[in-house]
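Heads up: the structure comes next, in C-alpha cells.
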Amino acid sequence: MEALRESVDLAEFTTMHCHAVASNVVDVRSVEELVEALAWAGERSLHVRVLGGGSNVVPTSDVNGLVIVMRIQERSPCVDGDVVHVRLGAGEVWHDVVEWTVSQGWGGMENMALIPGTVGAAPMQNIGAYGVEQASIFEELECYDRQERRIVKLNAEECRFGYRESIFKHEYCERMIITSVAYRLSTSPKINASYRDVSQELTAMGVAEPTIADVMNAVVSVRRRKLPDPAEIGNSGSFFKNPVVEAATAERIRADHPDAPAYPQADGRVKLAAAWLIDQCGWKGARSGDAGVHDRQALVLVNHGTASGSDILALASAIQQSVHQRFGIMLEREVNVW
Ligand code: FAD
Ligand code: NAP
C-alpha cells in the first residue's frame with residue numbers, strides 16, 4: 001500500500017496529544033482503499049483501529065497493529081421541496097460541513113458547529129451540543145461490516161442512538177467501519193436557541209429573530225470563549241458523560257444542594273451536570289504531573305505537556321472514585337480509551 005507509514009507517534013493524530021506509537025498508519029480515501037487496507041492487515045493478522053480526527057480517543061499504550069485514518073470525502077445533496085437529503089463521506093470534517101450547509105441555507109446542523117472531528121465518528125457517540133444531537137437529523141449510514149466483508153446500510157433504529165450512545169460503542173465496536181452518513185436538512189428549519197448560553201449570545205449580538213447563520217455564529221463565539229482549544233492545550237472535550245439518574249437520586253442531591261443543575265428528561269429521569277459534581281469535589285484546576293483538570297471546565301481533562309494516556313486515565317479514575325464517594329454516582333467515561 002502506497003500511503004502506509006511505519007512507527008507513527010499518535011500524539012499528532014489525537015487532540016489529547018499523548019504519545020503512543022502505532023506500528024502502521026494508513027490514510028484511506030475510498031471504500032476500495034479501506035478494503036485494501038483491511039486485507040493487508042488481515043494477511044498479517046494485525047489488529048485494526050480506525051481514527052477520524054482523534055478528538056475523542058486517548059491511547060494508553062502503543063498500538064501494535066494498523067491504524068486506518070478515515071479520509072473519504074463526499075458531499076452529495078439532493079433537494080426535494082424544503083427537504084435536503086445530504087450524503088457525506090466519513091472523512092469530511094464535521095465543522096466544515098456545518099459551515100457549508102449553513103451557507104446553502106440548509107438548517108439542522110447549526111447548533112453542532114465547531115464540534116471537532118469527522119462525519120464518520122458523529123454517529124459513534126451520537127454527538128450533540130446546545131440541545132441538538134445528530135440523531136435528530138440522521139437518515140441512514142453506510143458502513144463496512146468486517147465480519148461479513150461487505151457494505152451494509154443502517155437506519156436510525158438499527159444504530160440505537162441514545163444520549164452520547166449508539167450501537168457502535170457496543171456490539172458493533174470494531175466490527176463496523178462507517179464510510180458515509182446521510183442527513184435530512186431543511187430549507188425552512190425550526191430554530192433552536194433555547195440553551196441559555198446561545199440565547200444570551202444572540203441577545204448580545206442584538207439578534208431578536210435568529211437565522212441558522214446567527215445560531216451557528218453564536219455557538220461558535222460561545223465555544224471559542226468557553227472551551228479549551230486542543231491546539232493550545234491537549235484535551236478530548238468532555239471526559240465523562242452527564243449522568244442521567246432516577247428522579248429520587250436527583251432529589252436527594254438537591255435536598256443538600258439546591259443549586260445543583262438538574263434537567264428533567266422525557267422518561268422521568270433527570271440529567272445532572274457532571275462538571276458540577278466534579279467541581280464540588282474540588283477537582284477544578286487540579287493537577288497530577290502533566291495530567292490535569294481544566295481550571296474553567298471541570299469536565300475537561302487536559303494534558304499540560306507530557307502526560308501519558310495512563311496518567312490521564314489514573315486522574316479520571318481518582319475523579320470517578322471521589323464523585324462516587326461523595327454523591328453515590330459513578331461517572332461514565334465518554335472518551336474512547338485505546
Ligand atoms: P475519533 O476521536 O477519531 O474517534 C472516536 C471513536 O470513533 C474511536 O473509537 C474511533 O475508533 C471511532 N471512529 C472514528 N471514525 C470512525 C468510523 N468512520 N467508523 C467507525 N468508527 C469510527 N462531542 C460532542 O458530542 N459534543 C460536543 O460538543 C463536543 N465538543 C468537543 C470539544 C472539544 C474541544 C473536543 C476535543 C471534543 C469534543 N467532543 C464533542 C468530542 C468529539 O469531538 C466527538 O466525539 C467527535 O465525534 C469525534 O470525532 P473524531 O473524528 O475526532 O473521532
Ligand atoms: P453548559 O452550558 O455549561 O451546561 C452544563 C451542562 O448542563 C451541559 O453539559 C448540558 O448538557 C446541561 N445543560 C445546560 N443547559 C441545558 C438545558 N437547557 N437543557 C438541558 N441540559 C442543559 O455546558 P458547556 O460545557 O458549556 O457545553 C455546552 C454544550 O456543548 C453542551 O451541550 C455540551 O454537551 C457540548 N459540549 C460537549 C463536549 C463533549 O466533548 N461532549 C465538549 C464541550 C461542549 P448536555 O451536555 O447534555 O447538552
Side-chain angles (χ1 to χ4, degrees), residues 10 13-17 28 34 48-59 63 67-72 89-95 111-134 141-144 146 163-166 168-169 172-181 192-200 219 222-244 260-265 270-277 279 294 296-302 334-338:
L10 292 178
F13 286 82
T14 59
T15 58
M16 190 62 98
H17 306 315
V28 299
L34 173 64
V48 171
R49 296 244 187 221
V50 181
L51 204 56
S55 62
N56 210 16
V57 165
V58 175
V63 178
V67 174
I68 292 176
V69 183
M70 178 53 68
R71 306 268 192 218
I72 299 175
E92 291 281 349
V93 172
W94 178 266
H95 179 65
N111 291 52
M112 296 179 281
L114 224 59
I115 297 181
T118 54
V119 163
M124 172 84 182
Q125 72 156 13
N126 185 22
I127 59 167
Y130 302 100
V132 177
E133 52 187 32
Q134 68 90 50
L141 60 73
E142 288 187 357
C143 50
Y144 186 80
R146 294 180 61 199
Y163 180 60
R164 306 293 185 264
E165 269 296 347
S166 78
F168 303 102
K169 285 202 141 187
Y172 286 171
C173 177
E174 301 204 355
R175 174 172 161 183
M176 300 292 191
I177 300 177
I178 297 166
T179 54
S180 70
V181 188
N192 180 343
S194 57
Y195 256 50
R196 196 185 55 185
D197 275 355
V198 176
S199 60
Q200 282 181 350
V219 166
V222 171
R223 292 186 73 109
R224 289 226 164 99
R225 197 170 58 237
K226 279 188 78 176
L227 298 174
D229 180 354
E232 285 164 17
I233 186 161
N235 76 87
S236 308
S238 305
F239 206 88
F240 305 101
K241 290 184 194 175
N242 287 320
V244 180
Y263 303 97
Q265 304 295 289
V270 176
K271 183 177 75 181
L272 301 174
W276 183 89
L277 297 167
D279 194 11
H294 195 261
R296 278 173 289 123
Q297 283 282 336
L299 197 47
V300 177
L301 302 195
V302 294
E334 182 172 302
V335 167
N336 302 279
V337 173
W338 281 9

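Keep in mind that the numbers below use all heavy atoms, side chains included, and drop hydrogens, waters and symmetry copies. Throughout, residue positions are numbered sequentially from 1 according to the sequence presented. Start at 1 and go down the list; that is how both ligands and their atoms are numbered.
Pairing each heavy atom of Pro228 with each of Asn235, the nearest pair is O-ND2, 3.3 Å. In this structure, His95 and Leu114 approach most closely via the heavy-atom pair ND1-N, 2.8 Å. Nearest approach of Tyr195 to Tyr130, heavy atoms of both residues: CD2-CA, 3.5 Å.
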If you look at each N/O of ligand 1, which protein N/O atoms lie under 3.5 Å away, and at what distance?
from	atom 1	to	atom 2	distance (Å)
ligand 1	2 (O)	Ser55	N	3.0
ligand 1	2 (O)	Asn56	N	2.7
ligand 1	3 (O)	Gly52	N	2.7
ligand 1	3 (O)	Gly53	N	3.4
ligand 1	3 (O)	Gly54	N	2.8
ligand 1	11 (O)	Val50	O	2.6
ligand 1	18 (N)	Ile178	O	3.0
ligand 1	19 (N)	Ile178	N	2.9
ligand 1	23 (N)	Gln125	NE2	3.0
ligand 1	25 (O)	Gln125	NE2	3.0
ligand 1	25 (O)	Gly128	N	3.1
ligand 1	26 (N)	Gly128	O	2.8
ligand 1	28 (O)	Arg223	NH1	2.9
ligand 1	28 (O)	Arg223	NH2	3.2
ligand 1	30 (N)	Arg223	NH2	2.7
ligand 1	43 (O)	Ser55	OG	3.1
ligand 1	43 (O)	Pro116	O	2.8
ligand 1	45 (O)	Asn56	ND2	3.0
ligand 1	45 (O)	Gln125	NE2	3.1
ligand 1	51 (O)	Gly53	N	2.7
ligand 1	51 (O)	Thr118	N	2.9
ligand 1	51 (O)	Thr118	OG1	2.7
ligand 1	52 (O)	Gly53	N	3.2
ligand 1	52 (O)	Gly54	N	3.0
ligand 1	52 (O)	Ser55	N	2.8
ligand 1	52 (O)	Ser55	OG	2.7

Show me a pair-per-line table, with atom names and distances to 0.1 Å, of protein N or O atoms that are under 3.5 Å from an N or O of ligand 2.
from	atom 1	to	atom 2	distance (Å)
ligand 2	3 (O)	Lys226	NZ	3.2
ligand 2	9 (O)	Asn242	ND2	2.8
ligand 2	11 (O)	Asn242	ND2	3.2
ligand 2	11 (O)	Lys271	NZ	3.0
ligand 2	13 (N)	Tyr263	OH	3.4
ligand 2	15 (N)	Tyr263	OH	3.4
ligand 2	21 (N)	Tyr195	OH	3.0
ligand 2	21 (N)	Lys271	NZ	2.9
ligand 2	25 (O)	Gln297	OE1	3.4
ligand 2	26 (O)	Lys226	NZ	3.0
ligand 2	32 (O)	Tyr130	N	2.9
ligand 2	34 (O)	Arg164	NH2	3.0
ligand 2	40 (O)	Ser238	N	2.8
ligand 2	40 (O)	Ser238	OG	3.4
ligand 2	41 (N)	Glu334	OE2	2.6
ligand 2	46 (O)	Tyr163	OH	3.4
ligand 2	46 (O)	Asn242	ND2	3.1
ligand 2	47 (O)	Tyr163	OH	2.6
ligand 2	47 (O)	Lys271	NZ	2.5
ligand 2	48 (O)	Tyr195	OH	2.6

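Atoms CD and CE, on Glu92 and Met70 in that order, are 12.0 Å from each other to the nearest 0.5 Å. The structure places CD1 of Ile178 at 6.5 Å from SG of Cys143, a figure rounded to the nearest 0.5 Å.
Among residues two or more places apart in sequence or in another chain, the side-chain hydrogen bond (donor to acceptor under 3.5 Å, both in side chains) test is passed with Arg164 by none. For Asp229, there are no side-chain hydrogen bond (donor to acceptor under 3.5 Å, both in side chains) partners two or more places apart in sequence or in a different chain.
A donor-acceptor pair under 3.5 Å is absent between the side-chain atoms of Trp338 and the main chain of Arg49, judged by distance alone.
Under a cut-off of 6.0 angstrom, the local environment of CZ in Arg225 is crowded, with over 12 non-hydrogen atoms contributed by other residues, nucleotides or ligands.
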